[in-house]
Amino acid sequence: MSLRTTTRPPAQRQARAVRLGPRSIAALALVSAVGVAGFGWPFLAPPTSRIGAHAQDAPWLFAGVLVLLVAVVAAAISESGLGPKAVAMLGVLAATGAALRPIGAGTAGIEPMFFLMVLSGRVLGPGFGFVLGSVTMFASALLTGGVGPWLPFQMLAMGWFAMGAGLLPGPDRLRGRAELVMLAGYGFLAAFAYGTVMNMAGWPFMSALASNVAFDQQAPVAANLARFVAYCLATSLGWDLGRAVVTVVLTLTLGPAVLRALRRATRRAAFETPVTFDAAEK
């Protein structure tokens, strides 16, 4: 009797449409740092700071983040050599996400585009996810007429949202129900995180005299944090919960088919396969 041993073939490394290099990472870090300042300045600036005196100018000041976002996209494309196949996939997914966004607009946070951003970021990687999230939000704003000083904040937040899905563990090995549960859990938490950071973008511009949950530039950080939590509970909790539940339901139901389709398209596109040319016959 002979013993036959079988070895499991090593998992194939998942292809990435955009590989973040040093320049792209540096640009992304810069954009993120400016974005954190743009979102969180009420908690970063002390009460004695003169920043609060220019609170109404902040939306236009931080709208300059849009320029940096474009720079990140350009750096990622130029450094990674983003080919026509990846550009085509980016266009298709961004158009699909932009078309999904208005479906539930104004209805209890029913926003099906979020689950597509999670699955796309998971399959195509954090670099592609960041670009896709930003471009999708920009395209959807053009589609719905939602262009304004809040748009750069939405683009950055959605870029973070989709990029985070690409940073989840086990991109090459984790499959099946475990992967779906992980993606659904991430989508649930990220949907609340997206709503929270977008609240931070608009909350400081409420008049402190109009509400006891508005930002008060004279109050200490702890008091403003309590006001912000009350503001989120009173205004956006139901909307964020609806977005999170829809993301979980769509991920668990449609996720397997969408993941298979994205991975099949990625394999056929062969993003990382070098292009070679045969020598011409004489």
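Only heavy atoms go into these numbers, but all of them, side chains included; no hydrogens, no water, no symmetry mates.
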| Derivation and outcome, side chain to side chain contact (heavy atoms under 4.5 Å, CB included), residues Phe161 and Met137 | CA-CA 11 Å; Phe161 182 96; Met137 189 57 70; over 6 Å; no
| task | Please test Met89 against Leu124 for side chain to side chain contact (heavy atoms under 4.5 Å, CB included), starting from the C-alpha separation and ending with a verdict. | result | CA-CA 10 Å; Met89 181 171 287; Leu124 294 161; 3.6 Å; yes
| task | Could you go through the side chain to side chain contact (heavy atoms under 4.5 Å, CB included) check for Leu241 and Phe192 one step at a time? | result | CA-CA 7 Å; Leu241 179 61; Phe192 276 100; 3.8 Å; yes
| message | side chain to side chain contact (heavy atoms under 4.5 Å, CB included) for Phe115 and Val258? Distances and angles first, verdict last. | response | CA-CA 10 Å; Phe115 103 98; Val258 175; 4.2 Å; yes
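Taken from CG in Leu167 to CZ in Phe130, the straight-line distance is 11.5 Å, to the nearest 0.5 Å. Distance check: Leu168 CG to Arg122 CZ gives 6.0 Å after rounding to the nearest 0.5 Å. Taken to the nearest 0.5 Å, the CG atom of Leu116 stands 11.0 Å off from the OG1 atom of Thr247. Atom CG of Leu119 is separated from atom CG of Leu259 by 5.0 Å, given to the nearest 0.5 angstrom. Note that the CG atom of Leu233 and the CZ atom of Phe228 stand 10.0 Å from one another [nearest 0.5 Å]. Between atom OG1 of residue Thr136 and atom CD of residue Gln154 there is a gap of 12.5 Å, rounded to the nearest 0.5 Å.
Among all heavy-atom pairs drawn from Val135 and Ala94, the shortest one is CG1-CB, 3.9 Å. Closest heavy-atom contact between Ala157 and Met198: CB-SD, 4.2 Å. Minimum heavy-atom separation, Ser120 to Leu132: CB-CD2, 3.4 Å. A pairwise comparison of heavy atoms in Gly195 and Asp240 identifies CA-OD1, 3.5 Å as the closest pair. Nearest heavy atom pair, residue Ala162 against residue Gly129, reads CB-O, 3.1 Å.
Without hydrogens or angle criteria, Arg243 side chain to Ala191 main chain gives a donor-acceptor distance under 3.5 Å. Using modelled atom types, no side-chain atom of Ser134 and backbone atom of Val131 make a donor-acceptor pair closer than 3.5 Å.
The stretch residues 181-202 participates, sequence neighbours left out, in these side-chain hydrogen bond (donor to acceptor under 3.5 Å, both in side chains) pairs: Asn199-Ser236.
In the hydrophobic clustering of this structure, Leu237 groups with Val245; members are Ile, Leu, Val, Met, Phe, Trp, Tyr whose side-chain heavy atoms approach within less than 4.5 Å, directly or through other members. Cluster annotation: Val229 is connected to Val197 through the hydrophobic network of ILVMFWY side chains, with a link wherever side-chain heavy atoms come within less than 4.5 Å. No path of Ile, Leu, Val, Met, Phe, Trp and Tyr side chains, each step under 4.5 Å between heavy atoms, connects Val123 with Val92, placing them in separate hydrophobic clusters. Taken together through direct or relayed side-chain contacts under 4.5 Å among Ile, Leu, Val, Met, Phe, Trp and Tyr, Leu142 and Met155 form part of one hydrophobic cluster.
Legend: residues meeting side chain to side chain contact (heavy atoms under 4.5 Å, CB included) with Leu189, ordered by chain and number and at least two apart, are absent.
Looking only at side-chain heavy atoms (C-beta outward), Leu180 and Pro256 come within less than 4.5 Å of each other. Between Met117 and Met163 there is no side-chain heavy-atom pair separated by less than 4.5 Å. Residues Trp239 and Glu111 are in side-chain contact: their nearest non-hydrogen atoms beyond the backbone lie under 4.5 Å apart. Looking at Leu93 and Leu262, their side chains come closer than 4.5 Å, going by heavy atoms from C-beta outward.
Ion pairing between Arg260 and Glu179 fails under the 4.0 Å rule for side-chain N and carboxylate O.
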